[in-house]
Each structure stands twice: as C-alpha cells, then as structure tokens.
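Data first, discussion second: the structure below is written as structure tokens.
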Amino acid sequence: QVQLVESGGGLVQAGGSLRLSCAASGRVFRIGSMGWYRQAPGKQRELVADITSGGLINYADSVKGRFTISRDTAKNTVTLQMNSLKSEDTAVYYCNAQLVFRSGSRGTMYWGQGTQVTVSS
C-alpha cells in the first residue's frame, strides 16, 4: 500500500525554524511533482511550494525567501525547510505527490495525513 508519511511539525516561536519531511512508501514506478500545501483554520488549502521531477520549483509569494523545498529522487522524499516563521504560517501542512505506478500511465495525486505547524508570536 502506497502512502505519504510526513514528519517534522511542531510548535515554534516566531522567527524560528522547522523542517518538514515527507517520504513516499510502497512500490511506485516514478514520482512526478511533489509539494507542500497548508490549510489554516477557516481557510482553503493553499500551495506552499512544489518541485517537479526535473527540479523546477514554485513558491507561494508569502513564503519566498523564507522557505526552501528540496527532494531526493532516489529516496522518494521531499523536504520543506521553513525559516523566519511567522504566526500566519500556522496551519496543517500536507505533503502532496503525483505517483505513477507503471510505464505510460497517468499519475495519481496522493496526500499525506497532515502535520501541524504552530508559530507563537
């Protein structure tokens, strides 16, 4: 059974740092884009950052210069380094990945279970 397993959330003071990691477990042929989304209470889920299999990166304007996304293709992992955290970064963070199970097939979007990030001011 394939799943995305997240780790690294927690409570941090404003200005601090956290590192989120996500690993795809199970058997996949390849992984397309991987990324991180977040959802704050009462708000819609929004893209934080994503990275294609070729290494192209996209960041939300609100996190540019503070967050860094990276991936290890060999290990099927994606990491989000979050620096200079602000109270408005408080949310549940979800890992997302496009998983392809056989050659020539289209990818299927998978989500992690979510990890809470709380930034105290």
Side-chain angles (χ1 to χ4, degrees):
Q1 182 178 355
V2 176
Q3 58 181 341
L4 300 179
V5 180
E6 300 152 344
S7 61
L11 173 64
V12 66
Q13 288 189 333
S17 299
L18 282 175
R19 185 179 179 90
L20 305 182
S21 294
C22 173
S25 65
R27 192 170 181 177
V28 297
F29 177 68
R30 68 178 179 86
I31 300 179
S33 292
M34 301 185 80
W36 291 92
Y37 286 70
R38 67 186 181 187
Q39 187 167 18
K43 295 187 177 181
Q44 289 189 330
R45 190 173 297 189
E46 62 177 2
L47 173 70
V48 177
D50 61 13
I51 179 169
T52 69
S53 57
L56 294 177
I57 293 173
N58 179 44
Y59 291 105
D61 288 343
S62 59
V63 307
K64 284 180 180 177
R66 301 188 297 122
F67 290 11
T68 303
I69 189 171
S70 60
R71 66 186 285 176
D72 185 326
T73 303
K75 296 181 179 179
N76 289 340
T77 60
V78 63
T79 299
L80 185 69
Q81 177 66 42
M82 304 185 294
N83 298 327
S84 302
L85 283 160
K86 305 175 181 180
S87 57
E88 51 262 45
D89 295 318
T90 295
V92 178
Y93 283 69
Y94 296 91
C95 175
N96 166 274
Q98 183 187 39
L99 305 183
V100 180
F101 296 101
R102 58 182 180 276
S103 178
S105 68
R106 300 182 67 176
T108 302
M109 300 306 293
Y110 273 70
W111 293 90
Q113 78 281 3
T115 184
Q116 178 70 46
V117 170
T118 302
V119 184
S120 62
S121 56

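Just so it is clear, the values below take in all heavy atoms, side chains as well, and ignore hydrogens, waters and symmetry mates.
The backbone N or O of V119 sits less than 3.5 Å from a side-chain atom of T90, completing a donor-acceptor pair.
In the hydrophobic cluster analysis, where Ile, Leu, Val, Met, Phe, Trp and Tyr join through side-chain heavy atoms closer than 4.5 angstrom, L4 is grouped together with V2. Y93 and V12 fall within the same hydrophobic cluster, defined by Ile, Leu, Val, Met, Phe, Trp and Tyr side-chain heavy atoms under 4.5 Å apart, directly or through other members.
How far CG of L47 is from CG of N58: 5.5 Å, rounded to the nearest 0.5 Å. Remark: E6 CD to Q116 CD distance equals 12.0 Å, nearest 0.5 Å. A distance of 7.0 Å separates OG of S84 from CZ of R66, quoted to the nearest 0.5 Å.
With sequence neighbours left out, F67 forms a ring-ring contact (aromatic ring centres under 6.0 Å, His included) with no residue at all. With sequence neighbours excluded, the residues that form a side chain to side chain donor-acceptor pair (under 3.5 Å) with Q81 are R19, N83. With sequence neighbours excluded, the residues satisfying side chain to side chain contact (heavy atoms under 4.5 Å, CB included) with S62 are R38, A60.
Side chains of I57 and D50 form no contact here, defined as non-hydrogen atoms less than 4.5 Å apart. Proximity of V48 to I69: side-chain heavy atoms (C-beta onward) are nowhere separated by under 4.5 Å. L20 places a side-chain heavy atom less than 4.5 Å from the side chain of T115.
The two residues Q113 and V5 have their closest heavy-atom pair at OE1-CA, 4.2 Å. L18 and G8 make their closest contact through CD2-O, 4.0 Å (heavy atoms, listed as atom of the first residue, atom of the second, distance). Closest approach of S121 and S87 over heavy atoms only: CB-CB, 4.3 Å.
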Review item, side-chain donor-acceptor pairs of residues 22-34, under 3.5 Å, at least two apart:
unit_1 : atom_1 : unit_2 : atom_2 : d
S25    : OG     : Q3     : O      : 3.3

Could you go through residues 94-110 and list every donor-acceptor pair under 3.5 Å that involves a side-chain atom there, pairing it with any protein atom two or more places apart or in another chain?
unit_1 : atom_1 : unit_2 : atom_2 : d
S105   : OG     : R102   : N      : 3.4
S105   : OG     : R102   : O      : 2.7

Carefully, step by step, assess I51 and L56 under the rule side chain to side chain contact (heavy atoms under 4.5 Å, CB included).
CA-CA 5 Å; I51 179 169; L56 294 177; over 6 Å; no
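Counting only residues at least two apart or in different chains, ring pair (Phe, Tyr, Trp, His ring centres under 6.0 Å) contacts with residues 31-62 comprise Y37-W111.
A salt bridge is absent between K86 and D89; no separation between the charged side-chain nitrogens and carboxylate oxygens falls under 4.0 Å.
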